[in-house]
Amino acid sequence: MNVHNRLPSLGHSTSSPRASPLRSPGLRHGKGKGQRSLVQRVTLALLSVFLRRQGVFLFAPLIYISGMLLYMGSVSFDVPQISVRPPPGSIYKSPEVFRNLWPQMNADNSSSDGLASVWRRPYKGEEWKPCINRTLDGGLPDSNGYIYIEANGGLNQQRTSICNAVAVAGYLNATLVIPNFHFHSVWRDPSKFNDIYDEEHFISSLKDNVRVVSKLPEYIMDRFDHNMSNVYNFKIKAWSSIQYYKAVVLPKLLEEQVIRISPFANRLSFDVQPPVQRFRCLANYEALRFSNPIASIADKLVERMKEHSASNNGEYVSVHLRFEEDMVAFSCCVFDGGEQEKLEMNAARERGWRGKFTRAGRVIRPGAIRINGKCPLTPLEVGLMLRGMGFDNNTAIFLASGRIYKAENTMAPLLQMFPLLQTKETLASDEELAPFKNYSSRMAAIDYTVCLHSEVFVTTQGGNFPHFLMGHRRFLYGGHSKTIRPDKRKLVQIFGNPNIGWKNFKRQMLVMRSHSDAKGMEIRRPNDSIYTFPCPDCMCRANNLDDSQPKSLS
């Protein structure tokens with residue numbers, strides 16, 4: 001039975017169309033299949049499919065490409081090797097930049113305005129003054145017990161622990177025992193609290209806010225057989241809230257009358273109530289004063305630096321340089337790129353961090369590290385940056401640092417650019433430094449003091465040392481840090497261009513200096529610390545000192 005279409009046919013028959021005629025000549029003439037080769041049969045079959053199913057032509061490009069690949073596989077070609085250029089800034093080219101810029105730099109007579117104009121912009125109405133509240137309303141109530149902490153790390157990490165301990169003791173109305181310092185395997189400094197800080201001044205400065213004692217009473221030590229390891233030790237998570245201490249630590253303190261917290265670095269959140277912050281402020285900016293031996297030698301070096309910078313009214317620049325062997329090794333950056341450097345750095349990494357950098361799956365990309373601004377600045381790069389920022393060769397510079405890696409070679413260009421550069425070793429005699437030389441924290445305390453009183457402080461790598469200095473300098477200089485914090489990601493791009501001209505280089509460095517100036521007036525945000533940003537927790541605006549009125553801790 002024939003099926004007809006009910007729609008109009010537009011003049012065509014509505015019956016099923018006839019089958020298309022066979023298109024193969026061979027078939028039309030009645031040739032049998034057995035008379036054709038296998039290749040012919042496959043070709044005819046493919047042609048038949050293509051003609052009957054035109055959508056298959058979509059695969060034609062794929063078939064064409066496959067055929068070309070098969071063809072090219074049978075023919076040999078000489079494929080040229082394409083060299084890939086490393087990303088800008090990924091390779092250490094600063095020596096080339098220096099060789100290119102030195103003649104122009106040396107001939108530039110307009111660069112002697114560094115100290116005269118670094119921070120000449122007046123900050124009227126924006127100046128801050130210290131306003132730490134020294135006394136709580138009603139005096140101190142009876143103590144809830146004793147808190148004993150063990151501070152770990154280097155000089156400034158221990159400083160964080162001390163300030164946090166004062167804040168916790170003040171908040172819990174506890175008596176703080178002078179903190180004990182851990183002996184650190186890296187710092188290797190056995191100094192005690194009173195070797196570095198003036199213990200008597202510390203106790204007396206806090207007496208109206210927090211009780212502090214040199215040691216636990218004898219009757220309590222008897223309870224624990226004079227062994228502090230027998231005292232209950234709290235393992236507190238890093239950055240714990242002050243409410244945690246009230247809810248968890250205080251009940252145990254009331255029960256035991258003495259608790260131990262070890263270790264104690266970074267065990268209190270930065271974001272706490274203003275009254276608790278004021279305990280930290282008081283501890284850091286007023287109670288913690290270096291011991292008399294350290295203060296005495298440091299003050300002498302400050303005076304000697306002022307004498308060396310008499311042509312600049314006694315004003316000098318201090319630089320915190322982190323280019324010691326362990327820092328260079330830990331950064332995994334490549335500098336001169338020689339085989340000797342590679343061997344030395346591999347050995348240093350294995351000594352300090354056994355297996356950390358050679359474990360399976362660890363991939364080190366020195367170029368990416370440099371581009372991201374994670375490489376420590378070399379002495380040469382520091383010199384280039386400062387000369388570009390307007391500090392000429394008459395500028396007195398104090399260099400705070402450990403033992404510089406390959407100092408004889410790496411320091412030469414910096415001394416060429418700044419012949420008046422000094423260190424604590426050049427300012428002091430061997431006899432003067434002898435009591436401090438085998439104590440890393442005491443040596444760091446000397447550097448800290450000389451940097452604190454410089455007109456300009458330059459930080460090159462970050463860390464606790466420059467962060468504490470930035471805050472302390474803000475506290476001393478009306479809320480302004482007077483600190484140069486270079487944009488190292490931008491610097492590596494500039495130092496990666498050996499063909500840069502002096503005018504272009506200097507223009508970019510002056511912009512970077514101006515940016516540091518603007519950033520120097522920032523105030524504290526919730527997740528910042530009072531150690532870097534004392535405004536507004538430790539300081540008040542000069543035209544509104546009423547902010548310093550006492551506030552209750554309840």
Side-chain angles (χ1 to χ4, degrees), residues 131-151 160-180 193-194 197-236 240-264 267-269 272-289 530 537-538 548-554:
C131 61
I132 300 171
N133 178 29
R134 293 172 176 269
T135 307
L136 294 178
D137 294 335
L140 293 175
D142 293 339
S143 174
N144 288 325
Y146 294 88
I147 293 178
Y148 175 86
I149 68 113
E150 296 183 355
T160 305
S161 299
I162 297 166
C163 297
N164 286 345
V166 170
V168 170
Y171 182 72
L172 300 182
N173 188 36
T175 300
L176 177 66
V177 182
I178 287 291
N180 181 51
F193 185 96
N194 60 3
Y197 298 106
D198 185 336
E199 186 174 310
E200 184 179 338
H201 175 78
F202 182 74
I203 294 173
S204 64
S205 296
L206 294 171
K207 67 179 181 180
D208 294 328
N209 291 269
V210 181
R211 291 184 180 87
V212 183
V213 295
S214 297
K215 59 183 180 180
L216 284 168
E218 195 68 20
Y219 75 92
I220 289 184
M221 292 302 294
D222 288 341
R223 280 177 52 199
F224 298 99
D225 296 328
H226 292 263
N227 187 350
M228 289 304 299
S229 62
N230 292 330
V231 177
Y232 183 84
N233 183 34
F234 265 99
K235 295 293 185 180
I236 295 176
S240 292
S241 68
I242 194 67
Q243 288 76 19
Y244 172 85
Y245 286 88
K246 184 176 182 179
V248 179
V249 177
L250 181 58
K252 193 69 175 179
L253 176 64
L254 292 170
E255 177 187 342
E256 296 286 335
Q257 284 300 291
V258 58
I259 60 168
R260 178 166 61 102
I261 307 176
S262 176
F264 193 68
R267 291 303 188 269
L268 179 62
S269 169
V272 297
Q273 301 99 315
V276 181
Q277 291 287 42
R278 286 177 183 259
F279 286 135
R280 277 172 161 163
C281 297
L282 183 58
N284 188 53
Y285 296 114
E286 296 198 16
L288 282 176
R289 190 168 71 183
I530 61 100
D537 294 280
C538 312
S548 62
Q549 292 303 309
K551 295 180 176 66
S552 172
L553 278 171
S554 58

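- The shortest heavy-atom contact between Arg211 and Asp142 is NH1-C, 4.0 Å.
- Taking the ring axis of Tyr232 as reference, the NZ or CZ atom of Lys252 stays within 45° of it and closer than 6.0 Å to the ring centre.
- Considering only heavy atoms from C-beta on, Leu140 stays 4.5 Å or farther from Asp208 through its side chain.
- No donor-acceptor pair closer than 3.5 Å links the side chain of Asn194 to the backbone N or O of Glu199.
- Nearest heavy-atom pair across Leu253 and Asn144 is CG-O, 3.5 Å.
- Leu288 approaches Cys163 most closely through the heavy-atom pair CD1-SG, 4.0 Å.
- Minimum interatomic distance between Ile147 and Ala174 (heavy atoms only, all atoms of both residues): CD1-CB, 3.7 Å.
- Atom CD of Gln273 has more than 12 neighbouring heavy atoms from other residues, nucleotides or ligands inside a 6.0 Å radius.
- Note that CD1 of Ile149 is 7.0 Å distant from CD1 of Ile162, once rounded to the nearest 0.5 Å.
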inquiry  = Between Tyr171 and Val272, does the side-chain contact (heavy atoms from CB on, under 4.5 Å) criterion hold? Intermediate values first, please.
reply    = CA-CA 11 Å; Tyr171 182 72; Val272 297; over 6 Å; no

request  = Any chance you could lay out the side-chain contact (heavy atoms from CB on, under 4.5 Å) test for Leu282 and Val166, step after step, and finish with the verdict?
outcome  = CA-CA 9 Å; Leu282 183 58; Val166 170; over 6 Å; no

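- The sulfur atoms (SG) of Cys131 and Cys538 lie 2.5 Å or more from each other.
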inquiry  = Could you walk me through whether Met228 and Asn180 satisfy the side-chain contact (heavy atoms from CB on, under 4.5 Å) test, starting with their C-alpha distance in whole Å, then the side-chain angles of each, then the deciding distance to 0.1 Å, before giving a yes or no?
reply    = CA-CA 11 Å; Met228 289 304 299; Asn180 181 51; over 6 Å; no

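- Rounded to the nearest 0.5 angstrom, Ile220 CD1 and Tyr146 OH are separated by 5.0 Å.
- The two residues Leu268 and Arg280 come nearest to each other via the heavy atoms O-NH2, 3.3 Å.
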